[in-house]
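Note sheet for the following structure.
Here is the naming used below: chain letters follow the sequence lines, and residue numbers restart at 1 for every chain.
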There are 2 protein chains.
Amino acid sequence: MNAALQGIADAGHATHAHTGAWVAAQLRQRISDGLLPPGTKLSEQTLSEALGVSRNTLREAFTVLAGESVVQRIPNRGVFVAAPGADDVREIYRVRRLIEPAAVLWGDVPAGALDAMDVIVDKARAARAEGSVAGMADANQELHKALVSLSGSASLDALMEKVLAEMRLVFHAMATTPDFHGHYVERNAALVAQIRNGQREEAAAELRRYLDGAEHELLIHIGAIP
Amino acid sequence: MNAALQGIADAGHATHAHTGAWVAAQLRQRISDGLLPPGTKLSEQTLSEALGVSRNTLREAFTVLAGESVVQRIPNRGVFVAAPGADDVREIYRVRRLIEPAAVLWGDVPAGALDAMDVIVDKARAARAEGSVAGMADANQELHKALVSLSGSASLDALMEKVLAEMRLVFHAMATTPDFHGHYVERNAALVAQIRNGQREEAAAELRRYLDGAEHELLIHIGAIP
DNA sequence: GTAAGCAAGATTGTTGAACAATCTTGGCGT
DNA sequence: ACGCCAAGATTGTTCAACAATCTTGCTTAC
């Protein structure tokens, strides 16, 4: 049995409203944390035994995760943890480059939203100070999620969440994880300041340049651009 | 058996790669066409017999459709065709008001895209000339889908498709279906002309006003605004 | 007469087993 | 080394069963 699956069965086992949804959540977490790296095959028999659920219920969870593109289903071959490639990275940034600046430009900023973003920026600075790449990555994702949430739309929040989950898969697929985020800590801070000053258009334009650069850097690192 | 289900079993029955996906497609179609109106209960036993599939496979289809918000699942109560309310309408327009103008503003316009839009506008005019409300509604949805596709993003296309499907449910839920779209035919045409002229910012701003008005009109009609 | 409470029936949630279809693996022969 | 074929393993789908929950209709008390 895969070591990453050990102990899943022990975690809170009270009767769950929807067992299928619970199984999906467990797998989503394990995948997001990198315990189940991209490309890993998720065997029905192994997993159903490890999780203590029937194959049917597990397949329901697979259907949920496949709908979220967390997992790829190949007919008669099985289910694999999604392994995003260069095209997926480009698609991720197409989405981000559209909804993030749009939320900055047209979203309304509720009281406290900017303060919350400042807290996130401080968290990123603290992580940088102690050299925590993971901490910076988390803070970065948190900030960009907060930007999209200016839209006030749950659907866009969900789309952004899906996109960021795919970003985590991209990072997990990389052999070495250099510090992409260090460069962006202060750029994020400047962005928040611009929004606070009401310079929406400038912030949106800057954010688009920012995302262009980030995409380019990432594509170079995964070898899609020489 | 519900009359809307008659004949489903007869439609092309060759072995399907994924029966669950096929069942989901059948139901999605029936719901989108209004044969299964919002609020309809989808009984597992009835449907599994009508479609000639097992309850397990049907439940897999339900999981897919629930993930698309086409259907609402209430634990131990069953599955119902989604019945969007005023809040859902507001959410729909939050999304549209963000991604449509953003695609107009920042998308790149591939050769032929504008001509394709002109064709759609002509289709809308023809539908209006012969008084076909359904024809105008279809053309309208097609045009706005084309606007979002300027983004070049499959994810945003999918989100727009989901949103428009929800819009159809809203219309199906209305007792009377007045002509919302007649007013917008020429406004759509003007929008395409602005894009053709390179007046992106003006087009985006106009589109936002347009969507504001449409949301307001719809909310009034469903009685959410006095 | 109405409302609360309860029992019987129906529906959903989950499991286990079974079988067909397809894929993978290993050995075989050329 | 290469292709081919049979055996085993895995997935796709169905069926049957049972527990948990909901619905319905009846009874009973006030």
Side-chain angles (χ1 to χ4, degrees), chain A residues 1-2 4-5 8-27 31 36 39-67 69-83, chain B residues 1-2 4-5 8-27 31 36 39-67 69-83:
Chain A
M1 184 195 306
N2 189 321
L5 267 34
I8 287 186
D10 311 327
H13 227 233
T15 59
H16 297 288
H18 279 265
T19 309
W22 175 77
V23 171
Q26 294 293 317
L27 293 176
I31 292 171
L36 297 168
T40 304
K41 171 162 187 179
L42 302 177
S43 152
E44 295 194 351
Q45 183 170 341
T46 304
L47 265 181
S48 63
E49 288 172 7
L51 294 162
V53 299
S54 76
R55 256 187 29 162
N56 275 321
T57 302
L58 177 63
R59 285 173 61 79
E60 185 168 334
F62 281 165
T63 304
V64 172
L65 296 176
S69 309
V70 171
V71 127
Q72 187 186 9
R73 211 167 197 171
I74 305 178
N76 293 316
R77 296 275 307 269
V79 173
F80 303 81
V81 178
Chain B
M1 185 195 308
N2 189 320
L5 268 35
I8 287 187
D10 311 329
H13 226 233
T15 59
H16 298 287
H18 280 302
T19 310
W22 175 78
V23 172
Q26 294 294 317
L27 293 176
I31 291 172
L36 296 169
T40 304
K41 171 162 187 180
L42 302 176
S43 150
E44 295 194 352
Q45 182 170 340
T46 304
L47 265 181
S48 64
E49 287 171 7
L51 293 162
V53 299
S54 77
R55 262 184 65 207
N56 274 323
T57 303
L58 177 63
R59 285 173 61 80
E60 187 168 333
F62 281 165
T63 303
V64 172
L65 296 176
S69 310
V70 169
V71 127
Q72 187 186 8
R73 212 168 197 170
I74 303 178
N76 293 316
R77 295 276 306 269
V79 172
F80 303 82
V81 178

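- Taking 4.5 Å as the limit, every side-chain heavy atom of A:Leu27 sits out of range of all side-chain heavy atoms of A:Val64.
- Side-chain atoms of B:Thr63 come within 3.5 Å of backbone N or O of B:Arg59 as a donor-acceptor pair.
- Residues that satisfy the salt bridge (Lys or Arg N to Asp or Glu O under 4.0 Å) test with B:Arg55, not counting sequence neighbours, are B:Glu44.
- Both A:Gln45 and B:Leu58 lie close to DNA chain D; mapped to their nearest nucleotides by heavy-atom distance, the more 5′-ward contact belongs to A:Gln45.
- Across D:dT13, D:dT11, C:dG13, the shortest atom-to-atom separation from the side chain of B:Arg73 is found for C:dG13.
- Summary of the strand contacts: B:Glu44 and A:Thr57 both lie near DNA chain C, and taking for each the nucleotide with the nearest heavy atom, the more 5' one is attributed to B:Glu44.
- Distance CD (B:Glu49) to P (D:dC15): 11 Å, rounded to an integer number of Å.
- Applying the side-chain contact (heavy atoms from CB on, under 4.5 Å) criterion to B:Ala82, with sequence neighbours excluded, gives B:Leu169.
- Between C:dG13, C:dT12, D:dT14, one nucleotide has an atom nearer to the side chain of B:Arg59 than all others, and that is C:dG13.
- When distances are taken from the side chain of B:Thr19 to each of D:dT13, D:dG12, C:dT11, the shortest belongs to D:dT13.
- Smallest separation of non-hydrogen atoms from A:Leu51 and A:Trp22: O-CZ3, 4.3 Å.
- Looking at every heavy atom in both residues, A:Gly39 comes nearest to A:Ala83 through N-CB, 4.2 Å.
- As rounded to whole Å, 12 Å separates atom P of D:dT13 from atom CH2 of B:Trp22.
- One atom, CZ of A:Phe62, and another, C1' of D:dT11, lie 11 Å apart when rounded to the nearest Å.
- Heavy atoms of B:Val79 sit nowhere under 4.0 angstrom from any nucleic acid atom.
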Using atom names, set out every protein N or O paired with an N or O of nucleotides 16-23 of chain D below 3.5 Å, distance rounded to 0.1 Å.
residue: D:dT23; atom: OP1; partner: B:Arg77; partner atom: NE; Å: 2.5
residue: D:dT23; atom: OP1; partner: B:Arg77; partner atom: NH2; Å: 3.2

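- Distance CD (B:Glu60) to P (D:dG12): 8 Å, rounded to an integer number of Å.
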